[in-house]
Amino acid sequence: MTYRQIGAAFCFYCFIILFQPLSWGYESNYVIGRGIHDITGPAAEVGLMGYANVEQKSSGIHTRQWARAFIIVDESSGQRIVFVNVDAGAVFQAVTQDVMRELDAKFGRLYTTDNVILSATHTHSAVGGQSHYGLYDITILGFIEQAHSAQVDGIVAAIEKAHNDLKPGYILINKGDLSNASYNRSIEAYQNNPFFERLYYANAIQPEMTVLKLVHQEEGQGSQEVGMINWFATHPNAMGRELTVLSSDNKGYAAYLFEKKLKNSDYQSQESFVAAFAISNAGDMSPNLNSDELGRGPTTDRFENVEIIGERQYQRALTLYNNATEQLIGTIDTQQQFVDLSQTWVSADFTGTEAKQTCIAGLGESFAAGTEDGRGPSFFEEGSTEANPFFQWISSMIVEPSEEDIVCHENKALLLAVGKTAPYPWSPEVLPLSLQKIGQLAIAAVPAEFTVMAGRRLMQTVENVLGDHVQYTVIAGLSNAYSGYVATKEEYDLQHYEGGSTHFGPWTLAAYQQSFYQLAEDILPRGEIPKKVQIPIPFPEVEPVPRNLTGETINFQTGVVHDQAPIFKQVGDIVDDAQDVYQKGEQVIVRFWSGHPKNNLRTQSSFMEVQFWMQDHWQVVATDNDWETIYEWHRIDSLWGTSQATLTWNMPDTAPTGYYRLVHFGDEKQPVTGEIKAYNGRSRVFLVE
């Protein structure tokens, strides 16, 4: 053999060694399923959940809301978890309870509160009315069965799709920073945290983004990328309180870019790629950079702000997704506990002083002041630690707190003791806490909004127990129920909005830390000692049970009486038609006489389509879920029953030259019979040059 032949053989050998991982790929170690389903609520005359603004009622759709479900099963043990990312202001306990009932009817005890996390994205531009608790229904004017059912049915449908999609596969994980999609809107309160703690984290925001890449890999069929989940701390409230079209905000736009623009998902088929942009400890994390007096930023255009912050999350997630190489390997473990956070004793190991007790749920005057993203009435101020006698007199007409309650809440100027209202509290006190572990990833699911530092402390508590068993920990915020905010004790003392909204008093975070310490301890292999030993006050021998308030709610909204067009017109007729010719990038606006959107939510469908003529048929190129469209509904005459639908298409610069039309779909309620009848209307055909 010549030296050249020896060299060639050596180089070939090196090639084989270096590229073995590429040729062998990753071994399947989990069974994975994904599913997505529409959960969009009533697009007209229902209050939006987020700003507690009674005037902010739905009036159309900018983008639809979705439930994105993932199921992961440990092949060796059969242990499984479900994570559902829900485009909603909150996942209320009533929704979780009904989802669990439906899952039990379909699957028996396969999916339970022990292994299911329903986590809201916290968009402030989705309808409310799904809660059985009064605090969250006041500005919505009651419980809205239609909105509740849309969420419950959609979440169950998404989980069922994920269940039917279960196939062998693997998960890759990656983590990196995103520093230009959030700022700390409560910086003064944050800076009240200990100096060395702030120095350690070196940032007043939570820049870390954690990304999972989910891949199916069936023998003989190769690999197929099917999903992505990421957790990042920023509020989806860039749309603001003055806009009333339904939107999934910046996190929804990021998901849309990943699913539709990158992966060509149609949101209908089982094969649709599912991308979840989940929220973490974002309680004080705002997307409204350089916020002005109206809480807008980085620009003064709400839609542009959603696009900017959504694009930044998408780009960072995509980079981390494409560069993910570390495989999640190890068991799946779950622990869940219901805890009465209104009367939890917390040991000195978690309070740092002595054993303390949490308080009956109460809101401070700073809660009413609102945030930098949206201020409340001007006579309320952040930082209120001394109670205003006039406000106390007003609130005592609803429920009067005891002296013990006032002392328990310490620095909070207690405005309303929502845990003492009758016949039921206005917010839940028995709440679900859940810890899930997938290999080296721990997911702490909490039913509240944690500030950035509160979330860090909770994650550290979990890591103090699990040690080398986890390398990644994330907070899954607003999961399975909702109970306001959780601030650190130091932030609570200053009583900014987040502290005033921390329901269970100054030791709320300590109670969470103690509870999650115990959940993490139960995940440790038998006999193993936690990395950092602390002594918690044990969970009660009898686990508390959350109340079921089905049938106990009230509603102050009237249903649709009837729909009709003016005399000599029909519902679906044109009011203002399109022009004959448009240039690329222009805006097309068409208006129709319409029916009420409550008549049919058009779930998994659309109130509008942009259609393009393909020589022998009309091709749908955009619906009411697409970024460039807006469907708006306007009531014209409530007595006669007239209303109009306005369809807007903000035409992309890349739109193909050709002929288009806008089509409106809806349903009208007949004046006498009450029959619901579908209709449609079409614009003239127009040319795009």
Side-chain angles (χ1 to χ4, degrees), residues 35-46 58-69 86-88 123 125-127 144-161 245-248 252-253 255-256 259-260 264-274 560 563 571-572 590-612 617-633 643-649 660-669 675-683:
I36 186 169
H37 201 274
D38 189 358
I39 59 166
T40 310
E45 299 185 319
V46 173
S58 58
S59 66
I61 295 175
H62 180 225
T63 59
R64 285 189 168 261
Q65 286 80 66
W66 302 90
R68 296 173 170 89
V86 185
D87 284 336
T123 173
S125 294
V127 294
I144 311 297
E145 179 63 45
Q146 191 177 39
H148 176 86
S149 296
Q151 271 191 17
V152 171
D153 295 346
I155 291 169
V156 171
I159 294 173
E160 188 169 13
K161 286 181 179 180
V245 287
L246 302 184
S247 171
S248 48
Y253 180 59
Y256 171 79
E259 292 166 341
K260 178 94 183 264
N264 298 312
S265 295
D266 63 7
Y267 295 90
Q268 304 292 329
S269 72
Q270 183 63 67
E271 299 304 309
S272 289
F273 186 95
V274 181
V560 179
D563 298 298
V571 173
V590 182
R591 189 170 290 110
F592 299 84
W593 293 109
S594 73
H596 202 295
K598 284 185 180 178
N599 293 329
N600 183 344
L601 302 183
R602 307 200 70 81
T603 303
Q604 292 287 109
S605 184
S606 179
F607 286 100
M608 69 172 290
E609 290 180 353
V610 180
Q611 299 179 350
F612 176 65
H617 69 280
W618 289 102
Q619 175 72 41
V620 177
V621 296
T623 69
D624 64 16
N625 185 55
D626 284 285
W627 177 255
E628 64 263 26
T629 64
I630 302 177
Y631 157 72
E632 296 175 275
W633 181 87
S643 62
Q644 292 179 359
T646 302
L647 312 187
T648 300
W649 181 36
Y660 293 80
R661 68 181 183 184
L662 269 57
V663 182
H664 168 46
F665 299 93
D667 297 83
E668 59 176 311
K669 188 172 185 178
E675 178 188 0
I676 304 295
K677 179 182 176 183
Y679 71 88
N680 62 72
R682 301 175 179 84
S683 75

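- Here the straight-line distance linking atom CD of Glu271 with atom CG of Asn264 works out to 13.5 Å at 0.5 Å rounding.
- Taking NE2 from His37 and CD from Gln604, the interatomic distance works out to 4.0 Å, rounded to the nearest 0.5 Å.
- Side-chain N or O atoms of Gln270 include one that pairs as donor or acceptor with a backbone N or O of Lys161 at under 3.5 Å.
- Under 3.5 Å, the side chains of Ser272 and Gln268 contain no donor-acceptor pair of N or O atoms.
- Here the CD1-CD1 distance, from Ile61 to Ile630, works out to 11.5 Å after rounding to the nearest 0.5 Å.
- Listed here is the closest heavy atom pair of Trp633 and Ser643: NE1-OG, 3.1 Å.
- Side chain of Thr123 to main chain of Ser247: a donor-acceptor pair is present (N/O by atom type, distance under 3.5 Å, no hydrogens or angles).
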Practice item. Give the C-alpha distance, both sets of side-chain angles, the deciding distance and a yes or no for side-chain hydrogen bond (donor to acceptor under 3.5 Å, both in side chains) between Ser248 and Trp66. Key: CA-CA 8 Å; Ser248 48; Trp66 302 90; over 6 Å; no

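- Looking at Ser594 and Tyr679, their side chains come closer than 4.5 Å, going by heavy atoms from C-beta outward.
- Distance check, rounded to the nearest 0.5 Å: CE of Met608 to OG1 of Thr629 gives 5.0 Å.
- Considering only heavy atoms from C-beta on, Arg68 comes within 4.5 Å of Asp87 through its side chain.
- Closest of all the heavy-atom pairs between Gln151 and Ala88 is NE2-CB, 3.4 Å.
- Two rings, from Trp627 and Tyr256, have their centers 6.0 Å or more apart.
- For the pair Arg602 and Asp38, the salt-bridge criterion is not met [side-chain N within less than 4.0 Å of a carboxylate O].
- Between the CG atom of Leu647 and the OG atom of Ser683 there is a distance of 8.5 Å, given to the nearest 0.5 Å.
- Not counting sequence neighbours, the partners of Arg682 by the side chain to side chain contact (heavy atoms under 4.5 Å, CB included) test are Arg661, Val663, Asn680.
- Classified by interplanar angle (parallel below 30°, tilted 30° to 60°, perpendicular above 60°), the ring pair Tyr631/Phe607 is parallel.
- Atom CD of Gln65 and atom CG of Leu246 lie 5.0 Å apart (nearest 0.5 Å).
- Listed here is the closest heavy atom pair of Ile676 and Asp667: CG2-CB, 3.8 Å.
- Heavy-atom neighbours of Lys260 NZ from other residues, nucleotides or ligands within 6.0 Å: above the threshold of 12.
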Review point. Does the pair Glu259 and Ile36 meet the rule for a side-chain contact (heavy atoms from CB on, under 4.5 Å), with working shown?
Key: CA-CA 11 Å; Glu259 292 166 341; Ile36 186 169; 3.8 Å; yes

Practice item. Kindly determine whether Val610 and Tyr660 satisfy side-chain contact (heavy atoms from CB on, under 4.5 Å), including the steps that lead there. Key: CA-CA 7 Å; Val610 180; Tyr660 293 80; 4.2 Å; yes

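- Between Glu628 and Val621, the shortest heavy-atom distance links the atoms OE2-O, 4.5 Å.
- The minimum heavy-atom distance between Ala43 and Pro597, with the atom names listed, is CB-CB, 4.0 Å.
- Heavy atoms only, all atoms of each residue included: Thr623 and Asp626 are closest at N-OD2, 2.7 Å.
- Checked by atom type and distance alone, the side chain of Lys598 never pairs as donor or acceptor with a backbone atom of Val560 at under 3.5 Å.
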